[in-house]
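Data first, discussion second: the structure below is written as structure tokens.
Keep in mind that what you see is a predicted model, and the values were worked out from it rather than measured.
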Protein chains: 2
Amino acid sequence: MTISIKDVASKAGVSTASVSRVLSGKPGVGKKTAERIREVIEELNYRPNLGARGLVKQKTGNIAVVVPRGSFVLNNPFFSTILEGVAKAMDQTDYNMLMSFTSIQQKRLLETQAVDGVILFSPRHEELSLEWLESVGLPIVVIGSYLEESPFPCVRPDDEDGIKQAVTALYNLGHRDIGMINGPMSSMHSVRCLNGYKSRVKELELDYSSDNVLEVDEFDVFKATQAMKTFLNNNKKITGVVCSSDYLAIGVIKAASMIGLSVPEDLSVVGADDVPISDFITPSLSSVHVDLVGIGKRATVTLMNLMEGKQIRKKDVVFEMKYIDRSTTSIPKNK
Amino acid sequence: MTISIKDVASKAGVSTASVSRVLSGKPGVGKKTAERIREVIEELNYRPNLGARGLVKQKTGNIAVVVPRGSFVLNNPFFSTILEGVAKAMDQTDYNMLMSFTSIQQKRLLETQAVDGVILFSPRHEELSLEWLESVGLPIVVIGSYLEESPFPCVRPDDEDGIKQAVTALYNLGHRDIGMINGPMSSMHSVRCLNGYKSRVKELELDYSSDNVLEVDEFDVFKATQAMKTFLNNNKKITGVVCSSDYLAIGVIKAASMIGLSVPEDLSVVGADDVPISDFITPSLSSVHVDLVGIGKRATVTLMNLMEGKQIRKKDVVFEMKYIDRSTTSIPKNK
DNA sequence: TTGTATGCGTTATCAT
DNA sequence: ATGATAACGCATACAA
């Protein structure tokens with residue numbers, strides 16, 4: 001019993017064409033008739049059917065937000081903060097946000113002409129194939145970088161430099177044995193972070209050893225914490241650690257406390273990305289800040305431009321990072 | 001240049017009707033022709049246009065997840081954890097998740113026949129009018145309770161009992177001066193929590209005073225923290241506080257640390273809902289646990305049933321809560 | 001079993 | 001300025 005354009009047309013005594021014209025604000029309809037039509041629309045509380053419109057215009061009016069790795073991400077403040085930016089920017093447009101978490105959903109979403117464009121949160125190598133992504137032929141903007149050879153515009157933090165700043169900050173405090181907690185190397189993000197760590201450590205003429213870096217999977221918080229515990233136990237000389245995410249940093253703090261190390265007295269910890277909660281927990285987390293909300297907004301705007309056929313100036317937009325000194329870092333204790 | 005059902009029909013040398021039939025797995029098509037059609041579909045990599053299908057079937061295939069109060073919620077683990085449950089359950093269905101954060105978006109989404117049903121995160125009184133919600137005539141399930149007179153099925157934590165348990169736990173530890181940090185009373189949740197606090201305090205024959213409860217708006221974290229500081233300063237006799245959410249509890253811990261109170265030595269803190277990060281921070285937060293993911297799942301399943309026209313047995317599903325003793329609570333210090 | 005024809009709610013083209 | 005009418009891509013009632 002939905003009310004259609006025909007209903008308002010007949011009630012207003014005009015053709016559907018005219019109604020459609022006033023609906024889309026197109027010229028070619030008399031002032032008086034237009035007025036009458038508007039009244040009827042109001043009266044009947046008519047709302048156009050977006051699906052039908054989409055059918056003829058070949059546009060759906062919604063864009064897909066594709067986040068791999070399951071719904072886990074929702075509880076990761078890194079993602080949710082960027083998502084906040086995406087949502088805010090999207091509110092400025094006429095598009096709706098279609099979220100999908102599983103690959104089955106994602107495939108269906110992108111293949112069934114259900115969206116006009118997609119925002120893709122950087123998948124890992126094994127997750128979404130570049131080939132398939134290209135084959136769907138949709139405008140795509142990726143957040144957080146994917147593969148080097150990806151043809152899609154990308155918006156991301158300068159994570160490599162971020163980690164460098166973190167190492168430097170620790171060094172300046174007097175730390176000489178600096179460890180690193182990283183995510184899995186199947187993600188470009190982790191690769192970049194490791195690069196940053198390595199190169200800065202060498203620049204500072206500290207000795208680099210793979211023993212000092214721990215690679216964990218953030219999905220399994222429990223396993224990750226366990227790994228950190230043994231890592232810290234096996235590397236007693238480490239006085240400070242940099243992490244590739246705040247999430248991991250919070251885990252390290254927990255692991256440290258479990259084995260009787262206090263932060264920052266016994267161990268300095270710095271995170272990365274500076275998610276909102278990092279300033280909120282006690283002690284507040286030293287981190288390398290980046291405008292995550294801005295990244296989400298920028299990605300959305302870029303996608304809009306892409307969909308309008310505009311030329312994209314920068315195919316790779318990187319947001320600068322900045323070290324924030326808070327309460328999980330201090331001068332190393334003499335051992 | 002999208003490929004349609006006609007293309008596969010002609011290439012297979014059959015009518016679109018037959019193609020449509022195999023597509024929807026309906027009987028009435030020969031084994032051999034069906035096979036041929038399937039081959040062509042594969043060959044052409046044909047995918048049905050969901051919009052067109054929706055037009056004729058009067059279904060869109062997606063459901064709206066309506067979260068009021070802006071994208072703020074994304075960074076609130078309470079919401080994102082429930083959302084995780086919604087997403088997981090949704091993955092089991094053929095529906096897509098359309099998220100909306102602003103009221104303009106929400107109106108458009110629900111009015112333009114863009115969705116078949118909606119999951120509504122409990123709005124505050126002033127946000128979404130019951131009248132309007134009913135007028136759109138969509139199947140709606142609300143999460144976390146809305147208005148008493150709401151006709152929509154609802155899934156929520158037993159927050160009233162949760163707060164009672166929190167008060168009791170503190171009492172059993174020896175606390176006699178127990179404060180409360182609550183959200184704004186425009187939300188049913190806060191109303192319920194206050195009720196629980198009041199009634200249990202009276203049952204325990206502690207004296208109730210409105211001076212002992214602070215009402216803050218969780219949106220403005222900064223302001224909230226400030227308010228908590230002055231609250232704690234003005235109520236030195238309080239040795240323990242219960243909070244209507246873990247989010248607030250984390251804030252209290254920060255406020256306490258700012259004015260030199262240590263948790264739990266000087267002040268015991270209990271949260272509510274037990275979001276994942278609460279067990280992860282240091283010291284880990286004592287809280288009243290509830291299966292948030294389960295709530296999300298349950299709401300989704302209920303919505304599915306509602307859309308299928310099934311009779312809903314329980315119009316009000318409440319999930320029980322259970323106190324979890326962790327590290328932010330202890331025996332009160334003698335003053 | 002298979003095909004034809006119509007309609008779903010719009011927009012757009014072409015007449016008038 | 002206005003109105004028929006043909007698409008859009010699909011499902012289905014009805015014929016064959």
Side-chain angles (χ1 to χ4, degrees), chain A residues 1-38 40-41 44-62 94 108-116 137, chain B residues 1-38 40-41 44-62 94 108-116 137:
Chain A
M1 229 333 278
T2 160
I3 129 132
S4 89
I5 200 174
K6 280 182 189 165
D7 301 316
V8 359
S10 69
K11 177 145 192 174
V14 298
S15 75
T16 63
S18 293
V19 179
S20 177
R21 282 192 262 264
V22 327
L23 240 45
S24 33
K26 293 209 170 146
V29 45
K31 220 165 179 340
K32 296 199 62 165
T33 26
E35 189 50 41
R36 185 153 33 95
I37 291 176
R38 257 184 279 272
V40 177
I41 287 180
L44 262 43
N45 193 31
Y46 163 77
R47 293 288 178 276
N49 180 314
L50 252 42
R53 177 178 291 175
L55 193 52
V56 23
K57 304 198 82 165
Q58 303 284 47
K59 291 169 140 281
T60 64
N62 39 41
D94 280 331
R108 195 186 50 201
L109 212 53
L110 303 201
E111 283 180 335
T112 54
Q113 300 129 71
V115 299
D116 300 330
Chain B
M1 229 333 282
T2 160
I3 129 131
S4 90
I5 200 175
K6 280 183 190 164
D7 300 318
V8 358
S10 69
K11 177 144 190 174
V14 299
S15 76
T16 64
S18 292
V19 179
S20 177
R21 283 193 259 263
V22 327
L23 241 46
S24 33
K26 293 215 168 141
V29 46
K31 219 166 179 343
K32 296 199 61 165
T33 26
E35 190 50 40
R36 185 152 36 92
I37 291 176
R38 257 183 280 271
V40 176
I41 288 181
L44 263 44
N45 193 30
Y46 163 77
R47 292 288 179 276
N49 180 312
L50 251 44
R53 178 178 290 176
L55 194 52
V56 23
K57 303 197 80 164
Q58 303 283 48
K59 290 170 142 280
T60 63
N62 40 41
D94 281 332
R108 196 186 49 200
L109 212 53
L110 303 201
E111 282 180 336
T112 55
Q113 300 128 69
V115 299
D116 300 331

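At a threshold of 4.0 angstrom between heavy atoms, the contacts of A:Gly30 are confined to the sugar-phosphate backbone, with no base atom among them. Across all strands shown, A:Pro27 has no heavy atoms under 4.0 Å from either base or sugar-phosphate atoms. B:Val19 comes within 4.0 angstrom of nothing in the nucleic acid, heavy atoms only. Counting any heavy atom pair closer than 4.0 Å across all strands shown, B:Ser20 reaches a base atom. Counting non-hydrogen atoms under 4.0 angstrom, B:Val29 reaches the backbone sugars and phosphates but no base.
Here the side chain of B:Thr2 is nearest to one of C:dG3, C:dC8, D:dG9, namely D:dG9. Closest to the A:Ile5 side chain, of the nucleotides D:dG9, C:dT11, C:dA12, is C:dT11.
Between the side chain of B:Thr112 and the backbone N or O of B:Arg108 there is at least one donor-acceptor pair closer than 3.5 Å. The backbone N or O of A:Asn62 lies less than 3.5 Å from a partner atom in the side chain of A:Thr60, making a donor-acceptor pair. Side chain of B:Ser4 to backbone of B:Lys6: a donor-acceptor contact under 3.5 angstrom is found.
For B:Ser15, a side-chain nitrogen or oxygen approaches OP1 or OP2 of C:dG3 to under 4.0 Å. Taking side-chain N and O atoms only, B:Thr33 has no distance below 4.0 Å to OP1 or OP2 of C:dT1. Between A:Arg53 and C:dT11 there is a side-chain N or O to OP1 or OP2 distance below 4.0 Å.
Rounded to an integer number of Å, the gap from CG of B:Leu50 to P of D:dG9 is 14 Å. In this structure, the CD atom of B:Gln58 is 15 Å from the C1' atom of C:dT6, given to the nearest Å. In this entry the distance linking NZ of A:Lys26 with P of C:dC14 reads 14 Å, nearest Å. When rounded to the nearest whole Å, the span between NZ of B:Lys57 and C1' of D:dG9 equals 14 Å. The CG-C1' distance, from B:Leu55 to C:dC8, rounds to 4 Å in whole Å. At whole-Å resolution of the value, CD in A:Glu35 and C1' in D:dA1 are 17 Å apart. D:dA1 atom P lies 15 Å from atom CZ of A:Arg36, rounded to whole Å. Put simply, CD on B:Gln113 is 11 Å from C1' on C:dC8, counting in whole angstrom units.
The base of C:dG3 is paired with the side chain of B:Arg21 by a donor and an acceptor separated by under 3.5 Å.
When each of B:Ser18 and B:Ala52 is assigned the nucleotide of DNA chain D with its nearest heavy atom, B:Ala52 is the one assigned upstream, toward the 5' end.
With A:Ser18 as reference, A:Ile37 is the one residue of A:Leu23, A:Val8, A:Ile37 to meet the side-chain contact (heavy atoms from CB on, under 4.5 Å) rule.
At least one side-chain heavy atom of A:Glu35 sits less than 4.5 Å from a side-chain heavy atom of A:Arg38.
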